[in-house]
Amino acid sequence: MYAFDYHRPQSLDEAARLLRERPEAKLLAGGHTLLPTLKQRLAQPSDLVDLGAIAELRGIREEGNGLTIGAATPHGEVETSELVRRLIPALAELAGEIGDPQVRNRGTLGGSIANNDPAADWPAGVVGCGAVVRTTRREIAADDFFTGMCETALEPDEIITAVHFPRPKRAGYAKFPNPASRYAVVGVFVAETDDGVRVAVTGAGPCVFRLTALEQALTADFTPNAVDGIEVDAAELNADIHASADYRAHLVKVMAKRAIQKALG
Amino acid sequence: MVEKGIGQPVPRKEDRRFVTGRGRYTDDINLPGQLHAVFVRSPHAHARIRRIDKDSVLGMPGVVAVLTGADAEADGIGPLICGWMIHSRDGSPMKMGTHRVLATDKVRYVGDRVACIVAETPHQARDAAEALVVEYEELEPVVDLATAHDAPARVHDDIPHNLCYDWELGDRAAVDEAFARAAKVVSLDLTNNRLVPNAMEPRAALAAYDPGKDEITLYLTSQNPHVHRLVMSAFNNIAPEHKLRVVAPDVGGGFGSKIFIYGEECVVAWAARRLGRPVKWREERSEAFLADAHGRDHLTHAEMAVDEDGRILALRVDTKANLGAYMSTFSSAIPTYLYAPLLSGQYRIPAIYARVRTYYTNTTPVDAYRGAGRPEACYVVETLVDAAARELGLDRAEIRRRNFIPKDAFPYETPVIMTYDSGDYATCLERALELADYAGFEQRRREAAARGKLRGIGIACYIEACGIAPSQAAISLGAGVGLWESAEVRFTHTGKVQVFTGTHTHGQGHETTFSQLVAEALGVPFEDVEVIHGDTAATPVGMGTYGSRSQAVGGEAILRACNKIIEKGKKIAAHLLEASDADIEFEAGTFRVKGTDRQKTIQEVAFAAYVPSSYPPDLEPGLEASAFFDPPNFTFPSGTYVCEVEVDPETGQVSVEKWVAVDDFGRVINPLIVEGQVHGGVVQGLGQALLEHAIYDRESGQLLTGSFMDYAMPRADHVPDFVVEFAPGSPSPSNSLGAKGAGEAGAIGAPPAIMNAIWDAIGVRVEMPATPERVWRALQSVRMPQAAE
């Protein structure tokens, strides 16, 4: 780890001011990506701005016809929340499949989507539900938020405050985990929302993406059979030592079926 | 029966300190004024070192020294050695590439040591290690074992074809003749995947030089501190042997990786003397992936000849083994004498021939890893037996029954230089089949099919050889050291017992089992025994712990020392009881005049030995004894593992559903600890079969699985409940305890049991590790023709 200055602001304004004043600063949420990166000396931020003391970033509440989850809420709280289990149980299940208990007790929703790891689980849930990402400046639709591998629409001094998830009629998440990292080799989130069916795929490509062909097929027939007629193009998928693109393409279909099955209950 | 004596499931003494965080590991030790070392490691798999610019870092904050291979040579520090000489088929000695403590001419793997920075703090050392300017001329690396022979590049410029040796064992002509008349021949190409040892505690070293005594003390993560001292003195010129003290305190696992003498500890000890201040080095986890010797990595073409009844006629094995960039300490022995002599398995095989070629590649050195050669042999034999059963349409248990060495055939001489001591293979198999409900398996297969899962059952009957012995035979085959073990048992005035052992415990629970042994032998309370190990200044010269040897060899040495104490005690008791020596009997801690109630406890006798107010005039005072034990033979544990797996045909995911282990370890001292050893070994075997694989980039030679994000270790939810039973047992005749050793069995027997179960489930054989994609692709290959119909 290289030396850095550590800040623990008590308010969002103070955090935003630190980010503006120190262009090489990094936000610290659960630290589950940032700290290993620092330990390996793969990043050299001038300052770390710890969001852990800002109470308004944390918590889960019902809002309108849906859920609002504070950006600094750890996965474990989402996993065990009665409210989440009642309103959008698929999100509790998704959170419960992230890493291991230690990761879930520290890692946060906001940290995960701001990092936008191509194999993270949350991007699938956020895009799959058609959620809205709230920041210190604006609201960003999920479809506009994830812009590329480890890239988002966030401006350098913009901080995610919460994510609002409209309640889908039904939803399911199925994940094929990497046995080493437990990130998703492929994860598929399927939701039937008021605005139509949404299918979001993580792990398979460089960034979470929607499988529109399947969305259309599910609109006509919301059963696992809808997957059978779909082609998943391996050419655009990741290939690495854990899974070839062909295999990932196949897993997208298998996980999609399982997610649909879960959504059907 | 002695309370907490032999055979009792006594909870481990060690756990008090380990589970309360009071263990004391090398990194827990700090010395006043200590400096910190960080190694600059090669980023290239193969490159010539053009220049190391020390000036680029010498002015940096806290930097005290930059040490290079040239400095080491100038100070007379010798290169690392391999301690077992192997001769090729043509009689020529193995070709050992020079392995310096710090590279001078070339770097030969990613992670090779280029320089050592010593600074006031670890961070300052690391800053300088990053800043050090090293100019390399990159060379084409040799990465692939299969093509190393014909690779255009040479890992060592003076070693053609990268071939270290071309060795053979067995009667080739007899094997050829048997194959010529065989009813069936099965042949397989097998890959034994490369593994990273991943002990829980990474390696560490802390050295201090005492100029007053001209002595170096080295705290080290070592499985064998005396062997470290010997090699570092005799070959690396770190210090004369009597001026080097090696202390291996608590060590958090080794699995073989802490047997070896590495460059890092040599440099740390040398630096401490050169700089006149203590020097500490602690490996990082990502460094351990690159720098700790890896395991396995074989490519084997294996053939088995059988008659029409499934009786094995002969075995022919051709193995290429990866040495990595340099020969590690015992690397030459693993794919030769710890591999080919185990190819007879549990079977009566009239003729066996094995050829083994080892190659240098630009990868991390490969050496012993839990099982060391024996898992590779077991995998070959047990896969071939399954292949033969399939070829003949025989039940897989039945083909094993037909070929077992019968229990009345021991000692049994195999065609590959081993004489098995004892065993009852059929009883283990039958009991395992019964516990596993082998007969009812097809019903479970159908039930699984109804759930959409493919269920398979696999059997592996393993043989292990523990406690390499005897010394004279091993030395005649190339071993550079003796293979005995030592012990010293000492009573104190107050009747407590100190046991000094040359073995070393790093997870095995020796402090508990040796205390049980002594409690039983001397009739003293278990709590009154203290086991001392791991310090060359405290313990007798010993060979350490590896190869499941500690109980069978080290335990026997302790027992023999106890027997000497009892013999002396009888003389003291006879004097105290005014009887003749011959009339004294000893039982459960009491010396008694035969046929009377006149007696003295061993504690009373010990006190008399140290306060000799009334004492035999011709006897030395004191009550302690030492013993060395050089066993007449290896011990040969054996057993049967039966495993059931389910495969998800949609993803290829394998889950292990059921596990039965019936092991014959001879006499078991502590069944609780031994069952734990089976659990741990089986889980490591499961790791090899399903998850673990050190993968190098074929072009660059970079380790692609360099962290736990990419290198998959088994976790609790990969593992089923285990049914572990110990066979009634065939005690080893090679030691009076009858103990055989249990440390590696699981890692030896588990991989073929799992792989045979997967083969049974999906109908095709896949290579280890059986990753979901491999299994899925194998299923695609058998289903495609059906789909086309």
Side-chain angles (χ1 to χ4, degrees), chain A residues 1-4 32-33 36-42 44 96-97 99-103 117-120 174-188 203-204 224 227-228 234 237-259 261, chain B residues 38 61 121-124 126-127 129-131 193 196 198 284-287 289 452 648-655 686-687 689-698 702-718 769-780 783:
Chain A
M1 217 177 262
Y2 298 108
F4 52 81
H32 270 70
T33 301
T37 309
L38 293 179
K39 283 185 178 178
Q40 304 238 37
R41 295 188 159 208
L42 296 172
Q44 195 170 6
E97 289 190 23
D100 50 43
Q102 290 84 348
V103 169
D117 188 293
K175 168 186 181 179
F176 193 79
N178 176 322
S181 68
R182 300 214 164 170
Y183 273 90
V185 173
V186 167
V188 178
V227 177
D228 292 334
L237 301 187
N238 297 337
D240 55 35
I241 56 171
H242 302 295
S244 66
D246 285 354
Y247 180 56
R248 276 193 165 87
H250 167 74
L251 285 179
V252 168
K253 295 179 71 171
V254 175
M255 292 302 121
K257 280 192 177 191
R258 292 182 183 182
Q261 199 67 58
Chain B
V38 166
T121 73
H123 280 84
Q124 288 169 336
R126 198 159 167 190
D127 285 341
E130 267 178 21
N193 41 326
V196 180
N198 281 319
E284 305 216 339
R285 178 62 67 184
S286 34
E287 207 176 2
F289 271 92
D648 177 346
E650 290 183 324
T651 62
Q653 180 77 50
V654 176
S655 66
L686 182 151
L690 298 180
L691 299 162
E692 299 185 44
H693 195 187
I695 302 171
Y696 283 90
D697 182 86
R698 285 186 169 220
Q702 295 288 332
L703 182 63
L704 298 176
T705 50
S707 82
F708 291 135
M709 292 296 280
D710 290 308
Y711 187 90
M713 297 283 283
R715 305 188 197 196
D717 61 358
H718 289 118
T771 59
E773 179 163 2
R774 274 187 177 162
V775 173
W776 176 74
R777 286 198 179 282
L779 275 168
Q780 297 306 105
R783 289 185 162 188

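Computed over heavy atoms, backbone and side chain alike; hydrogens, waters and symmetry mates excluded. It should be emphasised that the depicted structure is a prediction, and the values quoted were computed from it without experimental measurement. Letters go in sequence order (proteins before strands), and every chain restarts at 1.
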Which region of B:E692, side chain (C-beta onward) or backbone (N, CA, C, O), has a non-hydrogen atom less than 4.5 Å from a non-hydrogen atom of chain A, or is it both or neither? neither
Interatomic distance, B:H123 atom NE2 to A:R41 atom CZ [nearest 0.5 angstrom]: 6.0 Å
In terms of heavy-atom proximity below 4.5 Å to chain A, should B:L691 be classed as side chain, backbone, both, or neither? side chain
Could you look at B:H693 and say if it's the side chain, the backbone, both or neither that has a heavy atom under 4.5 Å from chain A? neither
Among the listed options B:P772, B:S707, B:P714, the residue most often paired with chain A at heavy-atom distances under 4.5 Å: B:P772
Can you see which heavy atom on B:M709 is nearest to which on A:S181, and at what distance? O-CB, 3.5 Å
Heavy-atom pairs under 4.5 Å with chain B, option from A:H242, A:R182, A:M255 with the top count: A:R182
The interface call for B:D648 against chain A, heavy-atom contacts under 4.5 Å, is side chain
In terms of heavy-atom proximity below 4.5 Å to chain B, should A:R258 be classed as side chain, backbone, both, or neither? side chain
Region of B:R774 in contact with chain A, defined by heavy-atom distances below 4.5 Å: neither
With respect to chain B, which residue among A:H250, A:Q40, A:K39 yields the maximal number of heavy-atom pairs within a distance under 4.5 Å? A:H250
With respect to chain A, which residue among B:T651, B:L690, B:I695 yields the maximal number of heavy-atom pairs within a distance under 4.5 Å? B:T651
Go through the atoms of B:T771 and report whether side chain, backbone, both or neither lie under 4.5 Å from a heavy atom of chain A. neither
Please classify the contact of A:F176 with chain B as side chain, backbone, both or neither, using a heavy-atom distance under 4.5 Å. side chain
The interface call for A:K253 against chain B, heavy-atom contacts under 4.5 Å, is neither
Nearest-0.5 Å distance that lies between atom CG in B:D710 and atom CD1 in A:I241: 4.5 Å
